[in-house]
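So the structure is just underneath, and the comments pick up after that.
Positions are given from 1, in the same order as the sequence printed here.
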Amino acid sequence: MDIERSLGDWLAGSDSGVARDIARRDWSDTPIGQMESWPADLRAILATVLACPTPMYLAWGPELISFYNDAYEPILGYRAKDALGKPFRDLWASIWDDISPLVDRCLAGESQKMVDMRLDLSRNGLPEESYWTFTYSPVIDANGGIAGLICVTGETTDRILAERARAKATERLELAMSSSNSVGIWDWDVIADRLTADSNFANLYGVDPNIAAEGTRVEEFIKGIHPEDRPRVQAEIARTIAAVGKFSSEYRLLGRDGTVSWVSAQGQCMAGPDGRCVRMPGVSYDITRLKEAELQLRAAKEEREFVLEQIARQRTQSDPQEILRASSEALGKRLGVNRVGFYRMIEPRRVRHEASWSDGTLEPLTGSQTTDHYGQHADAERRAGRALVFGDSRQDCDGKLKPYAQEGVLAGICVPLLTSGKWAAGIYLHQADVRIWTEPEIILAKEIVQQTWLAIERAEALISLSRRVEEQEAALQQREIVLREEFERREAAERQLRQLQKMEAVGQLTGGIAHDFNNMLAVVISGLNLTQRQLARGNADVGAYIEGALDGAGRAAALTQRLLAFSRQQPLEPAVIDANAQVIGLSDMLSRSLGETIVLDTHLQPDLWATKVDRNQLENAIINLAVNARDAMPDGGQVTLETANADLAPAEARELGIEPGAYVRIRVLDTGTGMTPEVLAKAFDPFFTTKPTGRGTGLGLSQVYGFIRQSGGHVTITSQVDQGTAVDLYLPRSLDHAARTADDLANDVPLGQPAQVILVVEDEDRVRAFTVASLRDLGYTVLEASSGPAALDILSRRRDVSLLFTDVVMPQMTGPQLVEQARRLRDDLKVVYASGYTGDSSDIDTRVKAGGNFLAKPFSFDQLARKIAAALG
């Protein structure tokens, strides 16, 4: 091979599967780089490795990068999928402690050879016993340095295990030879077919000792071998004679009384002058006890594994019937019976059959039976808690079990289960043929019964517990309904007081709000007046005036929204927000509203986390706290609004009475009179206030506390007399991005299509006209109605309406009522609600939120376009 030509081309065209894998692999992520840069030394040694039929492994370079040939690939097992190019240490990490000393010495220039070294390669991902003979040889590069190592290996596991087996056989032979009664010596003249043996050998094979001493045909001894083993042994004898080799076999002997024993026979062919076998002396020794012990041990191990498997499976199941069915099937197949099933006592003299299994020979038992269905004897035995075991129901127990035979059950095991000394349930194993049950089979049946019953009780206890939990939850729900009704009654009595408290706060803010609102209206009126005058003069350059009017109107609308939110007359929805933006938006209003003697300061954390909360409720809470802070500083002072990220560790969270995790903290800090410990302890109590009569209802802080807790957060207050108060609002961090503001979306106005038909329902003519004109300008086909009944009439006639745009509060029929009736006509109809006020109806508020799309009035052209596009999208 010309190693100077493209290595990739040669590898790709090679007959070696590993070579093609090397060619396809991207080697840029390895220390040796792409193949074009590989040194000639590596190319040459790699070609040798790939061509070798013996398993070979090459580790190259300082990192010992892995290469190997096709013969080596099976040794890798599950590692083969990503072995190429992996460092030696990483590839064989599981055995590195065993081989690393050998690797170090090899890389130091000393070749290593290991013979029959035990290594756990775990080729299938599981521990394994394997033995290997291998060599590690240094790879010398063109400069005479050591560039890696080559491993030539071969597995010797089969030979080691075979030698171990032979050693055990030899041990058994020596053990047998130590007992003179169980070892017999024989000598067979193959040519004359005359076998002579001692009395022990003769007794083992059932031959008269005198005849055996004089010698007789080998056939007389072969007759004593069990019929099922005889053909095999005869074939083994024939092969031994043909090969002139050693004879070694284990087989059963069948005595004249039907007893079965095991022997191990060892013999050696003696060759005559012509090279053929002429004589075979040997010994036979009794290994019955060893064989029976081996078989019993194997059976016991298999049964134990079976029981453990059943226990493990039952623990994963929760359905009692499925546990019974699966256990019946597993036990039936294990013991080779025709039918297995469980039953349960339902009355003192009646049982009900549960899940069962049948191989088809006997029909499954279903329904219920009397306890004496199979006779009085079976009934009495099971009531006494005794297992009923019979091999022939026609003959056993003096014919008292004939009811079983009449239903085709000739053999069976019936194990009763006692609870508090009384017969409660049981299992049956039925056989249609006569059968002699072994003690291990009976023990296994009893053990499976006990384990299965425990699993059933556990499953039924879990079901009962689940049912009790459901009942308790139902009771709690009923109690919650009662408490809610009581709360609503109390709420009705307190509503006026709440409104007074809100209006009190609004009244305290009115001076600053009125000032701001007049400024905004001045901008709007001035802009529109100037626009009117310019247009009357024929001057169309009025964009700046319109921009100013729109800006003033927008600020006025935002202020109105805050006032509505504060009075809780606006449908509110939680959203992912930026708390810094909320604080900045409130600062301008609060700085004027708190009074000239109050200094408002803000400290906002950069990169503040987002949080999901009702935007308007949060503003309401901050305003409440700011007003309280102002009232605590009659002679003036400073109010500080702070934001921060708070990652609460378990200890810190436990101290605050909150779950550990990430929170956004909003702090309202004042330099006021502070609170005494007694006042601080009652700060959140409803109707508790330190203000003079007529100055407060005591509901402000309790409303803040309730809102924050419902949002998944927490509120804390720290205060010292004459030093001030700090209120911290903790709101859970949201990993979503904060909702974009109107400024962010200013240039994102989606257009509609004429095929999209929108029905606008609005009782206010001017608002309806603006909405219809805007939607038509966006490209939609628009229908309009001034009331709910008129809208329903249109919907009954027009099946092409894509979306219903409706006001919430209207005479005759509210928006939610209209939607409810409209969806009876069109269940796929999309809906957008629009309103700035929903009155006192919490029902309307809830249904508006449930609709999923709400647009607060007043709204801009851009806001309308985005909301409609989102609803249709």
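With contacts defined as side-chain heavy-atom distances shorter than 4.5 Å, the pair D635/T597 does not qualify.
Atom CG of residue L594 and atom CD1 of residue I623 lie 9.5 Å apart, to the nearest 0.5 angstrom.
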Hey, mind stepping through D763 and D807 against side-chain contact (heavy atoms from CB on, under 4.5 Å) and telling me if it holds?
-> CA-CA 8 Å; D763 61 312; D807 191 13; 3.4 Å; yes
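Counting only distance, with no hydrogens or angles, the side chain of T611 and the backbone of P732 share a donor-acceptor pair below 3.5 Å. No side-chain donor-acceptor contact under 3.5 Å links D728 to the backbone of T716. With hydrogens and angles ignored, the 3.5 Å screen pairs no side-chain donor or acceptor of R866 with any backbone N or O of P750. In this structure a side-chain-to-backbone donor-acceptor pair under 3.5 Å is missing from E485 to V482. Of the possible polar contacts, none joining the E655 side chain to the E652 backbone as a donor-acceptor pair under 3.5 Å is found. Of the possible polar contacts, none joining the T814 side chain to the V808 backbone as a donor-acceptor pair under 3.5 Å is found.
Remark: R484 engages E480 in a salt bridge, criterion side-chain N to carboxylate O under 4.0 Å.
Counting non-hydrogen atoms of neighbouring residues, nucleotides and ligands closer than 6.0 angstrom, the CD atom of E764 exceeds 12 such neighbours. Few gaps surround CG on D828; more than 12 heavy atoms of other groups in view lie less than 6.0 Å from it.
Inspection of the T643 and N580 side chains reveals an N or O donor paired with an N or O acceptor under 3.5 Å.
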